[in-house]
Every structure is written in C-alpha cells, then in structure tokens.
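I have placed the structure first, in the form of structure tokens, so that the comments after it can refer back to it.
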Amino acid sequence: MTEIIYKTRPKLFILLTPILGAVFFCFLCWLTLKSGKSEFGVIPILLLTLFVSISGISLFYALNIKTVKLTTENIVISHLLLPTRKTINFADIVSISQKTKDVYAILGNSFIYSFLYTDSITTFNFKNDKEIRLRSIGKLDFDEFNKAYRKTKNKEGKIKQNRQSNFEYIADNLDGIFWGALALILTIGLSHELLTK
C-alpha cells in the first residue's frame with residue numbers, strides 16, 4: 001500500500017452544519033407529525049415538505065464532503081462518508097490554488113453585516129482544462145498540504161509523513177466552532193424535547 005504523506009481534514013463549518021442540519025430538520029419533521037395528530041391541513045403539509053427538503057439537501061451536502069490524501073505518487077480525492085475516490089497522478093495536475101473570502105450576513109434586526117465564516121475554495125487544475133473545486137479544506141490545512149505536495153512532486157529531500165496539529169486545526173476553524181456549537185445546542189434541545197415528552 002502507498003504511504004500517505006498528508007491527509008486534509010474537513011473544515012468544522014462544512015462538516016457539522018450539513019450533518020446537524022439533516023438531523024435537526026428530521027426532528028422538526030417528527031415534531032410536525034406529532035403535533036398534527038390525525039388532522040393534516042395545508043400548513044402542516046407545507047412545513048413537512050419544507051423540512052424534508054432541507055433535511056435531504058443537508059444530507060446531500062454531508063455526503064459530498066471530500067478529503068484529499070497526498071501519497072508519494074498521486075493525490076487521492078475521496079468522499080468522507082462514501083467509499084468513492086478519484087486518484088490523480090502528479091503529471092496530470094497543472095496547478096493547485098486556494099481563494100478565501102469572508103462571508104457576512106445581516107443577523108437580527110440591526111441591519112448590520114456580521115461575520116459568519118471564511119469560505120475557502122481549493123481548485124485543482126488539470127491538463128485537459130478540467131478542474132475540481134473543494135470547499136472543505138481550511139487555509140492553514142491547505143498551506144501544509146501544498147507545501148508537502150510541492151516537496152513530494154519535486155522530490156526535495158527525504159519525504160516524511162506530515163499532519164496538521166490539533167491546535168492548528170482549531171485555529172483554522174474558529175468560525176466553525178461557534179456555528180457548530182450553536183447547531184449542536186439547537187439539535188440537542190429539540191431532541192430532548194421530543195424524546196422526553
């Protein structure tokens with residue numbers, strides 16, 4: 001088996017939001033079904049349709065989270081929750097780059113833009129003018145991966161296994177920790193209400 005030199009970890013925001021979103025909206029479906037009893041009017045059916053749709057979309061995004069592994073000969077892009085992967089030889093890669101952008105939104109009724117999270121788009125460009133874009137790699141994670149990739153491709157010195165430290169991972173995901181904690185609290189609160197009544 002080929003030695004894995006570096007493996008990226010998904011950003012917390014990208015990891016937790018769809019998974020907890022799918023669970024949260026499943027619980028909202030359950031709550032709607034419990035409160036509707038035997039009568040179903042237009043509003044409960046619309047709510048059920050909305051909650052099932054959002055839960056399905058969240059599950060789709062959760063299943064599409066990808067990680068990247070760097071080996072001595074190629075790059076392997078694989079789904080985190082599915083057993084599928086794509087292997088790319090170094091010779092087919094033209095460039096690897098990342099662009100980051102802070103995302104802001106109006107929160108509450110103050111009409112002031114507040115920071116939500118940092119969106120990172122990692123792009124793999126290939127010789128046949130095709131590309132793969134990933135949103136799951138954080139900035140610090142990409143920097144470590146890119147450094148290891150360049151050393152491996154150029155065969156610069158002895159190549160050793162590299163790994164992002166837990167401290168760097170947390171620093172790279174500070175925005176994801178807040179939104180993940182909020183989604184976790186809401187999901188646990190809703191599930192507690194449903195399971196105890």
Side-chain angles (χ1 to χ4, degrees), residues 1-30 51-99 117-153 159-166 168-170 172-173 175-177 179-181 183-184 187-188 191:
M1 183 168 182
T2 310
E3 180 189 6
I4 296 171
I5 295 166
Y6 192 89
K7 181 180 177 184
T8 63
R9 295 192 273 181
K11 289 179 64 175
L12 279 177
F13 185 83
I14 300 293
L15 180 65
L16 294 177
T17 306
I19 292 171
L20 291 174
V23 172
F24 180 78
F25 283 100
C26 276
F27 281 136
L28 283 178
C29 287
W30 185 14
F51 296 153
V52 166
S53 299
I54 294 173
S55 184
I57 291 168
S58 296
L59 184 62
F60 172 77
Y61 278 112
L63 292 174
N64 271 321
I65 296 171
K66 294 181 176 88
T67 60
V68 181
K69 293 177 192 165
L70 173 68
T71 69
T72 52
E73 297 147 9
N74 50 42
I75 289 175
V76 180
I77 299 174
S78 57
H79 286 83
L80 184 67
L81 302 173
L82 294 174
T84 59
R85 64 183 184 184
K86 181 179 180 102
T87 304
I88 305 158
N89 292 325
F90 289 158
D92 297 332
I93 300 171
V94 174
S95 66
I96 301 173
S97 61
Q98 185 180 68
K99 289 184 182 176
Y117 71 100
T118 302
D119 185 30
S120 306
I121 301 174
T122 306
T123 307
F124 294 83
N125 293 306
F126 305 111
K127 286 183 177 175
N128 56 5
D129 291 332
K130 290 189 177 179
E131 64 181 23
I132 294 176
R133 291 177 175 228
L134 304 177
R135 284 183 144 59
S136 59
I137 303 172
K139 182 166 178 16
L140 295 176
D141 203 12
F142 174 76
D143 291 342
E144 289 295 318
F145 169 79
N146 199 27
K147 189 173 17 171
Y149 163 71
R150 292 191 185 287
K151 274 185 168 181
T152 306
K153 185 177 181 182
I159 300 163
K160 61 176 186 173
Q161 267 191 326
N162 201 351
R163 185 172 180 263
Q164 184 184 37
S165 72
N166 290 333
E168 288 174 322
Y169 183 70
I170 290 170
D172 206 13
N173 289 284
D175 51 357
I177 290 172
W179 293 111
L184 189 61
T187 305
I188 289 172
S191 65

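These numbers come from a predicted model, not from an experiment. In this chain, numbering begins with 1 at the start of the sequence shown. The analysis underlying the following values was restricted to heavy atoms, covering all of them including side chains, and did not include hydrogens, waters or symmetry mates.
A donor-acceptor distance shorter than 3.5 angstrom exists from the side chain of S58 to the backbone of I54, with no hydrogens or angles considered. Side chain of E168 to backbone of E144: no donor-acceptor contact under 3.5 angstrom is found. No donor-acceptor pair under 3.5 Å is formed between the side chain of S120 and the backbone N or O of G138. Here the side chain of N74 pairs no donor or acceptor atom with the backbone of T87 at under 3.5 angstrom. Listed for the K99 side chain is no donor-acceptor partner under 3.5 Å among the backbone atoms of T123. Remark: the backbone N or O of D141 is paired with a side-chain donor or acceptor of D172 at under 3.5 angstrom.
Using a 4.0 Å cut-off between charged side-chain N and carboxylate O, D143 and K147 make no salt bridge.
Rounding to the nearest 0.5 Å places CG of L134 at 5.0 Å from CD1 of I77. Of the inter-residue distances, the one linking F126 atom CZ with N89 atom CG reads 10.5 Å to the nearest 0.5 angstrom. Atom CG of L80 and atom OG1 of T8 lie 9.5 Å apart (nearest 0.5 Å). Atom CG of L82 is separated from atom CG of L63 by 5.0 Å, given to the nearest 0.5 angstrom. Rounding to the nearest 0.5 Å gives a distance of 8.5 Å between CG of N125 and CZ of R133. The structure places CG of N64 at 12.5 Å from CZ of R135, a figure rounded to the nearest 0.5 Å.
Shown here for A183 and L20, the closest heavy-atom pair between the two residues is CB-CD1, 3.8 Å. Taking each heavy atom of I4 and K69 in turn, the nearest pair found is CD1-CD, 3.7 Å. Heavy-atom minimum distance, L15 versus P10: CB-CB, 4.3 Å. Considering all non-hydrogen atoms of both residues, S55 and F25 come closest at CB-CB, 3.8 Å. The shortest heavy-atom contact between I170 and I177 is CG2-CD1, 3.7 Å. For the pair F13 and P18, the tightest heavy-atom approach, listed with the atom from each and the gap, is O-CD, 3.9 Å.
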>> Checking I137 against Q98 for the side-chain contact (heavy atoms from CB on, under 4.5 Å) test, could you report, in this order, the C-alpha distance in whole Å, the side-chain angles of both residues, the deciding distance, and whether it holds?
In response: CA-CA 9 Å; I137 303 172; Q98 185 180 68; 4.2 Å; yes

Discussion item. Is there a side-chain contact (heavy atoms from CB on, under 4.5 Å) between R9 and N166? Walk through the geometry before answering.
Written reply: CA-CA 11 Å; R9 295 192 273 181; N166 290 333; 3.3 Å; yes

Quiz item: How far apart are the C-alpha atoms of T122 and V68, what are their side-chain angles, what is the distance that settles it, and do they pass the side-chain contact (heavy atoms from CB on, under 4.5 Å) test?
Solution: CA-CA 11 Å; T122 306; V68 181; over 6 Å; no

Requested in this report: Could you walk me through whether I75 and F145 pass the side-chain contact (heavy atoms from CB on, under 4.5 Å) test, one step at a time?
Outcome: CA-CA 11 Å; I75 289 175; F145 169 79; 3.8 Å; yes

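In this structure, T72 and I5 have side chains that are in contact, with non-hydrogen atoms separated by less than 4.5 Å. When side chains are defined from C-beta on, L184 does not count as touching L16, because their heavy atoms never get closer than 4.5 Å.
The environment of OH in Y169 is crowded: more than 12 heavy-atom neighbours from other residues, nucleotides or ligands sit within 6.0 Å.
A distance below 6.0 Å separates the ring centres of Y149 and F90.
Judged by distance alone, the side chains of Y6 and N146 never bring a donor and an acceptor atom under 3.5 Å apart.
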